[in-house]
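Accompanying notes for the structure given below.
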Number of protein chains: 2
Amino acid sequence: MSLHQRIRADLEAHILSGEWPPGHRIPFEHELMAHYGCARMTVNKVLSSLAAAGLIERRRKAGSFVRRPFEQAAVLEIPDIKAQIAARGAAYRYQLLDSGRDGEVLVLECRHLADDAPFAYEQRRIQLDVIPQAAEIDFSEEAPGSWLLHNVPWHEAEHRISAKPALDMVAAQLDLPSGSPCLVVERRTWSSGKLLTQVRIWYPGESNELVAKFTPSGRG
Amino acid sequence: MSLHQRIRADLEAHILSGEWPPGHRIPFEHELMAHYGCARMTVNKVLSSLAAAGLIERRRKAGSFVRRPFEQAAVLEIPDIKAQIAARGAAYRYQLLDSGRDGEVLVLECRHLADDAPFAYEQRRIQLDVIPQAAEIDFSEEAPGSWLLHNVPWHEAEHRISAKPALDMVAAQLDLPSGSPCLVVERRTWSSGKLLTQVRIWYPGESNELVAKFTPSGRG
DNA sequence: AAGTGGTCTAGACCACACC
DNA sequence: GTGTGGTCTAGACCACTTA
């Protein structure tokens, strides 16, 4: 592994772990030079790539700062479920149904309700080896999606969308007749190639739509 | 504008204009050094960024080569249905079920089959005031989606994705039990603000998935 | 074996933002 | 002014691939 890759991984770990929260000023280039014992071009390359990836923001004379995580996917608009329900004028309620560990993965099941009616059923996996601070969060209070959205920056995401019948447990949790159509959204999120979290969300088909607006060049 | 930005713009123009087609070998770093009269680090930075952007591919000892352009919208991957079926190794067949006019709108209904099994049911509307040449096309031979994809440039698109039960005609056309979950994709496409076409495609839920992969910055 | 890209250095000057 | 990042240089050594 090359020097600039090791430095980048090191800085990324500080950011992703939350040790350097959004707004935190990263050491100056000359400080990093001294710390890693390398030339300025090398740390400059690292910081430039972090800026290109959207993890940090660089300002002349001021320094480099950790950026806020993105509020939502700009391309495929899947807003925070809480905000989505609030936008309909309904009262939002969240329930943690189950939680456990599967090796280095935190496994959660939860449910989102609008005016006490089931709105979505969520199955979530969080990589604790990459986001160790997630182990300390009380997910019976805050939904994992909301917490992640506001605390962990991501670089890449993949959505997989399908229509499936609600069977057994899912039908029960969503209070639907067994076999009702559901929109199933599976999302995986990475940061610099490392898987951060996976989630599968079941929406009753009648109640929900995904909207994606974009141009061929990739700008929404 | 900095030197490496000017060099990058220059090389990009060669690639995007088609002067350097896919597979073409870009001049070696030492050749670009001589051509632009700069240090190797500078051209290296340019070529590295072009590689990171996916425009070129770099191979030691061999050189740097122009990559193939993306075959489809990288943001929300909805390939040509024909190509999609071919990719599964199934035989593609297309049927025009009905066609008519609604004022300035050409209205079509058609069906796509994989190995003679229904794969998707399509309801299409094409604005003839914007795309008059569509009136001359024999859509019993070529699917409207395929023809549009290859003949009409678009600038903006919006997808609306939902899960709905297949009822009546849709269930019949897709050979499904009434009420089966279907993935419904509604797409509207514009060019410079003018609506070109609308389409609603029904996929049997079990057989299909949409995949969207992207980054917050908008590059897939 | 040879030539390419990958990486790194130890300087340097500049533009810009903030004081 | 002062200090930061932005850029560029003229070298160098290495690793990998391909001929």
Side-chain angles (χ1 to χ4, degrees), chain A residues 1-15 19-68 153 155 192-194, chain B residues 1-16 19-69 216-217 219:
Chain A
M1 206 183 201
S2 65
L3 178 56
H4 74 264
Q5 285 175 325
R6 273 186 285 126
I7 297 177
R8 169 155 179 170
D10 199 17
L11 298 184
E12 252 181 18
H14 283 87
I15 296 173
E19 187 183 340
W20 291 348
H24 182 270
R25 208 210 75 224
I26 282 185
F28 297 126
E29 292 191 353
H30 63 84
E31 293 172 330
L32 292 173
M33 271 176 71
H35 183 265
Y36 292 104
C38 66
R40 192 181 146 219
M41 279 282 319
T42 305
V43 299
N44 181 283
K45 181 172 188 167
V46 171
L47 294 182
S48 298
S49 74
L50 286 175
L55 267 182
I56 68 172
E57 183 186 350
R58 312 197 73 191
R59 291 205 308 272
R60 283 177 157 97
K61 168 74 180 176
S64 304
F65 302 84
V66 178
R67 290 217 338 191
R68 301 240 174 122
H155 285 130
S192 59
K194 289 191 295 288
Chain B
M1 208 182 199
S2 64
L3 178 56
H4 75 263
Q5 285 175 326
R6 271 185 287 127
I7 297 178
R8 169 156 178 168
D10 199 18
L11 298 185
E12 254 182 14
H14 283 87
I15 295 172
L16 295 179
E19 186 183 342
W20 291 348
H24 181 271
R25 209 211 73 224
I26 283 184
F28 297 126
E29 292 192 352
H30 63 83
E31 293 172 331
L32 291 173
M33 268 176 72
H35 183 266
Y36 291 103
C38 66
R40 193 181 147 220
M41 280 272 338
T42 306
V43 298
N44 180 284
K45 182 172 187 166
V46 171
L47 294 183
S48 298
S49 74
L50 285 175
L55 272 179
I56 68 172
E57 183 185 351
R58 312 197 73 192
R59 292 205 307 272
R60 282 177 157 98
K61 167 74 180 178
S64 303
F65 301 85
V66 177
R67 292 218 336 193
R68 301 259 166 109
S217 55
R219 295 273 163 193

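A note on names: the letters A, B, ... follow the listed sequences, proteins ahead of strands, and every chain is numbered from 1. These values consider heavy atoms only, across backbone and side chains, with no hydrogens, waters or symmetry-generated copies. Remember, predicted model here, so these are calculated numbers, not experimental data.
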Mind checking what makes side chain to side chain donor-acceptor pair (under 3.5 Å) contact with Ser48(A), not counting sequence neighbours?
Asn44(A)
Arg59(A) meets the side chain to side chain donor-acceptor pair (under 3.5 Å) criterion, sequence neighbours left out, with none
Go through the structure and list residues passing side-chain contact (heavy atoms from CB on, under 4.5 Å) with Arg6(B), not counting sequence neighbours.
Met1(B), Leu3(B)
Under the side-chain contact (heavy atoms from CB on, under 4.5 Å) test, residues paired with Ala51(B) that sit two or more places apart
Ile56(B), Arg58(B)
Partner set under ring pair (Phe, Tyr, Trp, His ring centres under 6.0 Å) for His24(A), not counting sequence neighbours:
Trp20(A)
Quick one: Phe65(A) CZ to dA17(C) P, roughly how many Å, whole number?
14 Å
For a quick check, with a 4.0 angstrom heavy-atom cut-off, what is the B/S/- contact string for nucleotides 4-13 of chain D, read 5' to 3'?
BBBBBBB-B-
